[in-house]
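Shown next, in C-alpha coordinates, is the structure this report addresses.
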Amino acid sequence: MTRGPSDAKGQAAAAPHPWSVKVIVDQIPEAGLHRAFEADPSQRAAMRDLAGLRDLSEARAEFELRHAGRNRVLVTGRVTARIGQTCVVTLDPIEVAIDEPVDLLFAPEDQVAAIAKAMEEEAETDGEVQDPPEAIVNGTIDLGNLAADALFLGIDPYPRKPDAVFEPPVIAEDPESHPFAALKALKGDSPPPKPKKPKD
(Lines give C-alpha, C1' and ligand atoms only; values in the text may rest on other atoms or scores of the structure.)
Protein backbone atom coordinates (compact mmCIF):
# COMPACT_ATOMS: atom_id res chain seq x y z
CA MET A 1 0.00 0.00 0.00
CA THR A 2 1.80 3.06 -1.25
CA ARG A 3 -0.68 5.64 -0.01
CA GLY A 4 -2.64 6.22 3.15
CA PRO A 5 -6.33 5.41 3.50
CA SER A 6 -7.36 9.00 2.79
CA ASP A 7 -5.94 8.62 -0.75
CA ALA A 8 -7.79 5.47 -1.73
CA LYS A 9 -9.87 5.24 -4.85
CA GLY A 10 -12.26 8.11 -5.63
CA GLN A 11 -15.56 8.25 -3.79
CA ALA A 12 -14.79 4.96 -2.07
CA ALA A 13 -12.13 6.77 -0.03
CA ALA A 14 -14.47 9.55 1.04
CA ALA A 15 -17.35 7.31 2.09
CA PRO A 16 -17.45 5.40 5.39
CA HIS A 17 -16.45 1.78 4.92
CA PRO A 18 -18.74 -1.08 5.96
CA TRP A 19 -15.70 -3.17 6.95
CA SER A 20 -14.85 -2.15 10.52
CA VAL A 21 -12.53 -3.98 12.92
CA LYS A 22 -11.37 -1.65 15.69
CA VAL A 23 -8.42 -2.14 18.01
CA ILE A 24 -7.90 -0.10 21.19
CA VAL A 25 -4.32 1.15 21.23
CA ASP A 26 -3.98 0.89 25.03
CA GLN A 27 -4.83 -2.81 24.79
CA ILE A 28 -2.03 -3.67 22.35
CA PRO A 29 0.54 -5.75 24.27
CA GLU A 30 4.14 -4.54 24.49
CA ALA A 31 5.15 -7.55 22.40
CA GLY A 32 2.74 -6.48 19.66
CA LEU A 33 -0.53 -7.83 18.31
CA HIS A 34 -1.40 -10.07 15.38
CA ARG A 35 -4.86 -9.74 13.84
CA ALA A 36 -6.29 -11.75 10.93
CA PHE A 37 -9.89 -11.39 9.78
CA GLU A 38 -12.12 -11.56 6.71
CA ALA A 39 -15.18 -9.70 5.50
CA ASP A 40 -18.56 -11.39 5.82
CA PRO A 41 -21.03 -11.58 2.90
CA SER A 42 -22.88 -8.36 3.81
CA GLN A 43 -19.61 -6.43 4.18
CA ARG A 44 -18.36 -7.76 0.84
CA ALA A 45 -21.61 -6.83 -0.88
CA ALA A 46 -21.44 -3.30 0.50
CA MET A 47 -17.81 -2.86 -0.57
CA ARG A 48 -18.59 -4.33 -3.99
CA ASP A 49 -21.29 -1.72 -4.55
CA LEU A 50 -19.12 1.06 -3.13
CA ALA A 51 -16.26 0.23 -5.52
CA GLY A 52 -18.51 -0.49 -8.51
CA LEU A 53 -17.36 -4.11 -8.88
CA ARG A 54 -19.19 -6.94 -10.56
CA ASP A 55 -18.35 -9.24 -7.64
CA LEU A 56 -16.28 -9.44 -4.46
CA SER A 57 -16.09 -13.09 -3.45
CA GLU A 58 -13.21 -12.88 -0.92
CA ALA A 59 -11.64 -10.20 1.25
CA ARG A 60 -9.08 -11.01 3.93
CA ALA A 61 -6.58 -9.02 5.98
CA GLU A 62 -3.64 -9.94 8.20
CA PHE A 63 -1.81 -7.31 10.24
CA GLU A 64 0.96 -6.98 12.80
CA LEU A 65 0.66 -4.04 15.19
CA ARG A 66 3.77 -2.84 17.06
CA HIS A 67 4.35 0.08 19.38
CA ALA A 68 6.62 2.71 17.82
CA GLY A 69 7.08 5.03 20.81
CA ARG A 70 5.19 8.17 21.88
CA ASN A 71 1.85 6.34 21.59
CA ARG A 72 2.45 5.60 17.93
CA VAL A 73 1.69 2.25 16.31
CA LEU A 74 3.22 0.70 13.21
CA VAL A 75 0.82 -1.48 11.23
CA THR A 76 2.22 -3.88 8.65
CA GLY A 77 0.65 -6.75 6.75
CA ARG A 78 -1.36 -7.36 3.61
CA VAL A 79 -4.86 -7.45 2.23
CA THR A 80 -5.96 -10.11 -0.24
CA ALA A 81 -9.17 -10.27 -2.21
CA ARG A 82 -10.80 -11.81 -5.24
CA ILE A 83 -12.94 -9.47 -7.30
CA GLY A 84 -15.07 -9.71 -10.43
CA GLN A 85 -14.67 -7.04 -13.09
CA THR A 86 -15.42 -6.53 -16.78
CA CYS A 87 -12.66 -6.45 -19.40
CA VAL A 88 -12.54 -2.97 -20.93
CA VAL A 89 -11.53 -4.45 -24.30
CA THR A 90 -13.78 -7.49 -24.78
CA LEU A 91 -16.46 -6.69 -22.16
CA ASP A 92 -16.09 -10.26 -20.89
CA PRO A 93 -16.35 -10.95 -17.14
CA ILE A 94 -12.97 -11.55 -15.50
CA GLU A 95 -11.75 -12.57 -12.05
CA VAL A 96 -8.89 -10.58 -10.53
CA ALA A 97 -6.77 -11.37 -7.46
CA ILE A 98 -5.65 -8.48 -5.24
CA ASP A 99 -2.64 -8.75 -2.94
CA GLU A 100 -1.87 -5.33 -1.45
CA PRO A 101 0.92 -4.82 1.14
CA VAL A 102 0.37 -2.39 4.02
CA ASP A 103 3.07 -0.50 5.95
CA LEU A 104 1.62 2.48 7.77
CA LEU A 105 2.29 4.50 10.91
CA PHE A 106 -0.57 5.57 13.16
CA ALA A 107 -0.06 8.45 15.58
CA PRO A 108 -2.13 10.58 17.97
CA GLU A 109 -4.00 13.31 16.13
CA ASP A 110 -1.91 16.10 17.66
CA GLN A 111 1.29 14.51 16.29
CA VAL A 112 0.21 13.82 12.71
CA ALA A 113 0.98 17.24 11.21
CA ALA A 114 4.46 17.43 12.78
CA ILE A 115 5.37 13.90 11.66
CA ALA A 116 4.15 14.55 8.10
CA LYS A 117 6.24 17.73 7.90
CA ALA A 118 9.33 15.90 9.17
CA MET A 119 8.79 13.18 6.56
CA GLU A 120 8.56 15.79 3.78
CA GLU A 121 11.82 17.41 4.88
CA GLU A 122 13.52 14.02 5.05
CA ALA A 123 12.25 13.17 1.56
CA GLU A 124 13.80 16.38 0.21
CA THR A 125 17.14 15.28 1.67
CA ASP A 126 17.34 11.62 0.74
CA GLY A 127 14.68 11.46 -2.01
CA GLU A 128 12.77 8.66 -0.27
CA VAL A 129 9.05 9.42 -0.03
CA GLN A 130 7.19 7.80 2.87
CA ASP A 131 3.49 7.57 3.53
CA PRO A 132 2.26 10.26 5.94
CA PRO A 133 0.93 8.93 9.24
CA GLU A 134 -2.72 8.21 9.90
CA ALA A 135 -4.46 9.55 12.98
CA ILE A 136 -5.42 7.40 15.95
CA VAL A 137 -9.05 8.42 16.49
CA ASN A 138 -10.51 8.23 19.99
CA GLY A 139 -7.70 5.91 21.03
CA THR A 140 -8.54 3.30 18.38
CA ILE A 141 -7.29 2.07 15.02
CA ASP A 142 -9.87 0.72 12.60
CA LEU A 143 -8.12 -2.15 10.85
CA GLY A 144 -11.21 -2.94 8.78
CA ASN A 145 -11.24 0.58 7.41
CA LEU A 146 -7.53 0.29 6.64
CA ALA A 147 -8.09 -3.06 4.90
CA ALA A 148 -10.95 -1.66 2.81
CA ASP A 149 -8.81 1.25 1.66
CA ALA A 150 -5.99 -1.08 0.69
CA LEU A 151 -8.46 -3.24 -1.25
CA PHE A 152 -9.85 -0.24 -3.13
CA LEU A 153 -6.35 0.98 -3.88
CA GLY A 154 -5.48 -2.36 -5.46
CA ILE A 155 -8.36 -2.24 -7.97
CA ASP A 156 -7.32 -1.68 -11.58
CA PRO A 157 -9.71 0.91 -13.05
CA TYR A 158 -9.07 -0.46 -16.57
CA PRO A 159 -8.98 -4.25 -16.23
CA ARG A 160 -8.37 -6.41 -19.27
CA LYS A 161 -7.98 -10.10 -20.04
CA PRO A 162 -4.34 -11.22 -20.40
CA ASP A 163 -4.76 -11.91 -24.13
CA ALA A 164 -7.02 -8.93 -24.91
CA VAL A 165 -5.56 -6.47 -27.41
CA PHE A 166 -7.20 -3.20 -28.27
CA GLU A 167 -7.37 -2.59 -32.01
CA PRO A 168 -8.49 0.87 -33.11
CA PRO A 169 -11.25 0.86 -35.76
CA VAL A 170 -10.09 1.13 -39.35
CA ILE A 171 -11.42 4.31 -40.94
CA ALA A 172 -11.68 4.31 -44.74
CA GLU A 173 -10.04 7.27 -46.39
CA ASP A 174 -12.48 9.81 -47.71
CA PRO A 175 -11.61 10.46 -51.39
CA GLU A 176 -12.82 14.02 -50.99
CA SER A 177 -10.10 14.63 -48.39
CA HIS A 178 -7.31 13.95 -50.93
CA PRO A 179 -4.94 16.94 -51.38
CA PHE A 180 -5.89 17.24 -55.08
CA ALA A 181 -9.64 17.18 -54.37
CA ALA A 182 -9.74 20.94 -53.73
CA LEU A 183 -7.85 21.61 -56.97
CA LYS A 184 -10.29 19.43 -58.86
CA ALA A 185 -13.20 21.32 -57.34
CA LEU A 186 -11.73 24.64 -58.49
CA LYS A 187 -11.28 23.38 -62.06
CA GLY A 188 -14.67 21.76 -62.27
CA ASP A 189 -15.55 18.72 -64.32
CA SER A 190 -15.58 20.44 -67.75
CA PRO A 191 -12.52 20.03 -69.94
CA PRO A 192 -10.29 23.07 -70.43
CA PRO A 193 -11.12 25.20 -73.55
CA LYS A 194 -9.14 24.51 -76.74
CA PRO A 195 -6.73 27.23 -77.76
CA LYS A 196 -7.92 29.40 -80.72
CA LYS A 197 -6.08 29.19 -84.04
CA PRO A 198 -4.34 32.40 -85.05
CA LYS A 199 -5.94 34.27 -88.00
CA ASP A 200 -4.09 34.43 -91.26
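All values below were derived from every heavy atom in this structure, side-chain atoms included, with hydrogens, water molecules and symmetry-related copies excluded. All residue numbers refer to positions in the sequence shown, counting from 1.
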[X] side chain near [Y] side chain, heavy-atom distance below 4.5 Å:
| X | Y | result |
| --- | --- | --- |
| Arg66 | Val73 | no |
| Asp55 | Ile83 | no |
| Leu151 | Asp149 | no |
| Lys22 | Ile141 | no |
| Gln111 | Pro133 | no |
| Thr140 | Val25 | no |

Inter- and intrachain pairs under salt bridge (charged side-chain N to carboxylate O under 4.0 Å, His left out), touching residues 74-83, at least two apart | Arg78-Asp99
When rounded to the nearest 0.5 angstrom, what is the spacing between CG in Asp110 and CD1 in Ile136?
-> 10.0 Å
Could you state whether Phe63 and Leu74 fall into the same hydrophobic cluster, counting links through intermediate Ile, Leu, Val, Met, Phe, Trp or Tyr residues with side-chain heavy atoms under 4.5 angstrom apart?
-> no
Do Leu143 and Leu105 belong to the same hydrophobic cluster, where Ile, Leu, Val, Met, Phe, Trp and Tyr are linked whenever their side-chain heavy atoms lie under 4.5 Å apart, directly or via other members?
-> no
Show me the donor-acceptor pairs within less than 3.5 Å that the side chains of residues 33-43 make with the rest of the protein, sequence neighbours left out.
| unit_1 | atom_1 | unit_2 | atom_2 | d |
| --- | --- | --- | --- | --- |
| His34 | ND1 | Glu64 | OE2 | 2.6 |
| His34 | NE2 | Glu62 | OE2 | 3.3 |
| Asp40 | OD1 | Ser42 | N | 3.2 |
| Asp40 | OD1 | Ser42 | OG | 2.8 |
| Asp40 | OD1 | Gln43 | N | 2.8 |
| Gln43 | OE1 | Asp40 | N | 2.9 |

Is it true that a side-chain atom of Asp142 and a backbone atom of Val21 form a donor plus acceptor pair closer than 3.5 Å?
-> yes
Only pairs under 3.5 Å count here: list side-chain donor-acceptor contacts from residues 113-123, not counting sequence neighbours, and write none if there are none.
none

